[in-house]
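Just the heavy atoms: all of them, side chains too, but no hydrogens, waters or symmetry mates, feed the values below. Atoms within a ligand are numbered from 1 in the order they appear, just like the ligands themselves. Predicted, not measured: the structure shown is a model, and the values here were computed from it.
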Amino acid sequence: MEKYILSIDQGTTSSRAILFDKKGEIAATAQEEVSLIYPHEGWVEADPLLIWISVVNVVNECLIKANATWNEIDSIGITNQRETTVVWDKESGRPIYNAIIWQSRQSSEICDDFKDKEELIHNKTGLLINPFFSASKLKFILDKIPGSREKAKKGKLLFGTIDSWLVYRLTNGAVHATDTTNASRTMLYNIFELKWDEELLKLFNIPKEMLPKVLPSVCDYGAASYFTKKVHINAVAGDQHASLFGHTCFEKGECKNTYGTGCFMLMNTGEKPILSNKGLLTTIAWNVDGKINYALEGSVFIGGAVIQWLRDGLKCISTAPEVNDMAALVEDNGGVYFVPAFVGLGTPYWDNDVRGTIFGLTRATTESHICRAALESIAFQSKDVFDVMEKESGIKLQSLQVDGGASNSDYLMQFQSNILQINIEKPCCTESTALGVAYMAGYKSKFFRSLDDIARMRCIAKSFTPKVSKETAVKACKYWETAVKSARTFKLPK
Ligand code: ADP
């Protein structure tokens, strides 16, 4: 009797396995850290074999914790850090270079060479030229390892994002595939024509022979024969896409924001892709029942990370949750506005040169005001993304679904609701990403009967409604706009 769906959530710093039951509730979890390697300033890599080993470990641990056998597992869903690039030998299954993690800047120079192709790339992939995406990382590996391009042309080397790498390993090398969401982050996949783009492959000098087959997010990827021949991988999706699905944002105009280290906002824009001129990315939300859903995506680089800075840099708090106690000691922000542009600003500014700035300090300013301003900065930056999303999509958003560590701050969530003037909903299950691929895998096998059934399973733990007037909200945002503008004028001489 199948009692569970197994979700594998392979993230940047850890791998997790979670068993979900018929009600979509968590039965067991296991987590293992994955070490990152920093070979040079700005480079971030990881050993793909250690990533695989961590997945094997957490899957085994999770089953043991639940006292479950493979006979009780219905199917598997995989969700993963996106864009991270692996190249391995088809015969031996051994990687030829470390996995280049999405954050890594080591292919910046390669991207600079393609700056004049920005429009072409955007019109095909919905992405902005940036070392985040896989194409320049893959080119970096092929340029670096002698003879690799020739070997790849002969079909002896394979490329994959982490999902492909795990599917390959789980199926004992029988399946080399990725899903449409992960493919849409490689910068090699045409999200309009739904195929690998010959022109882009030529541009980046990538042999087509090494690319995985692109399958729908909900689809039989084959048996996870490394563990058992019985259980199949039924779903694959990139983390942010899986999270949107986990929040059951199935309808056009539904939107979620994840408040992690950075913030990622995705809005379901339905069956038509919308290309943005304001720095939003266009991406495939998922491919289910033969239907493609597109999404707009915007990102804030420093979200919860500003709280980490208060803890580790300024040392005015000793744990992240303490920021809320500190902020509660004062009645308001005391006129303090904090632009935490530690690594530049993301959507909609895409300004790499701006640096963090705190405005409005007086002798009356205390650490509490700064804590409050830091929390508010996460909401203000998310509002900047939210505003362009509404503008570019022409859709007035009704509510926002939230998750991620910093969504545990009630102050932040209430403030966000106030300045957006909409309702905010936090689900009971905070593991939206893992839940998303569990829903997808279970939908494929009829473990969950329909999307309506899935939507009905949704449980809201907390909601926040606006508690200030529109005028008050507009005024606060005006101060923020001025602060961002001023921060952007400050440039240290190079
Ligand atoms: P990631 O998945 O990016 O590692 P998480 O979703 O685990 O991030 O969220 C971690 C972030 O949330 C940290 O930056 C931390 O500062 C912040 N955070 C965690 N708990 C709280 C809290 N109670 N209030 C405010 N921020 C918090």
> Starting from atom 17 (C) of ligand 1, which protein heavy atom do you reach first, and at what distance in Å?
Replying inline: A406 N, 3.9 Å
> Can you find an N/O atom of G304 closer than 3.5 Å to an N/O atom of ligand 1?
Replying inline: yes
> Near N408, which atoms of ligand 1 are under 4.0 Å from a heavy atom of that residue?
Replying inline: 23 (N)
>> Within the protein, is there a heavy atom lying under 4.0 Å from atom 3 (O) of ligand 1?
In response: yes
> What protein heavy atom sits nearest atom 25 (C) of ligand 1, and how far away is it?
Replying inline: S409 CB, 3.8 Å
>> Below 4.0 Å, non-hydrogen atoms only: which portion of N324 touches ligand 1? Side chain, backbone, both or neither.
In response: side chain
> Quick one: is the NZ or CZ of K426 closer than 6.0 Å to the six-membered ring centre of F464, and within 45° of its axis?
Replying inline: no
> What are the atoms of ligand 1, with element, lying closer than 4.0 Å to any heavy atom of A305?
Replying inline: 14 (O)
Under 3.5 Å, side-chain donor or acceptor atoms of residues 27-43 against the rest of the protein: list the pairs with distances, not counting sequence neighbours.
unit_1	atom_1	unit_2	atom_2	d
Q31	NE2	S14	OG	2.9
E32	OE1	N57	ND2	3.1
E32	OE2	N57	ND2	3.4

> Could you walk me through whether K383 and D387 pass the salt bridge (Lys or Arg N to Asp or Glu O under 4.0 Å) check?
Replying inline: CA-CA 6 Å; K383 181 175 187 296; D387 285 349; 2.7 Å; yes
>> Are W52 and Y226 an aromatic pair, judged by ring center distance below 6.0 Å?
In response: yes
> Tell me, which protein residue and heavy-atom name are nearest atom 1 (P) of ligand 1, and how many Å apart are they?
Replying inline: T261 OG1, 3.5 Å
> Any idea which of S14, G404, G405 brings a heavy atom closest to atom 19 (C) of ligand 1?
Replying inline: G405
> Among A327, P321, G260, which one has a heavy atom closest to atom 8 (O) of ligand 1?
Replying inline: G260
> Which atoms from ligand 1 have a heavy atom of Q308 less than 4.0 Å away?
Replying inline: 13 (C), 14 (O), 16 (O)
>> Students often mix this up, so state it plainly: with edges at 30° and 60°, are the rings of F301 and W350 parallel, tilted or perpendicular?
In response: perpendicular
> For the rings on W480 and Y337, is their centre-to-centre separation under 6.0 Å?
Replying inline: no
> Which is it for D239 and R82 under the salt bridge (Lys or Arg N to Asp or Glu O under 4.0 Å) test, yes or no, and what are the steps along the way?
Replying inline: CA-CA 7 Å; D239 50 11; R82 304 172 299 171; 3.3 Å; yes
> Does NZ or CZ of R105 fall inside the cone over F132's six-membered ring, less than 6.0 Å from its centre and within 45° of the axis?
Replying inline: yes
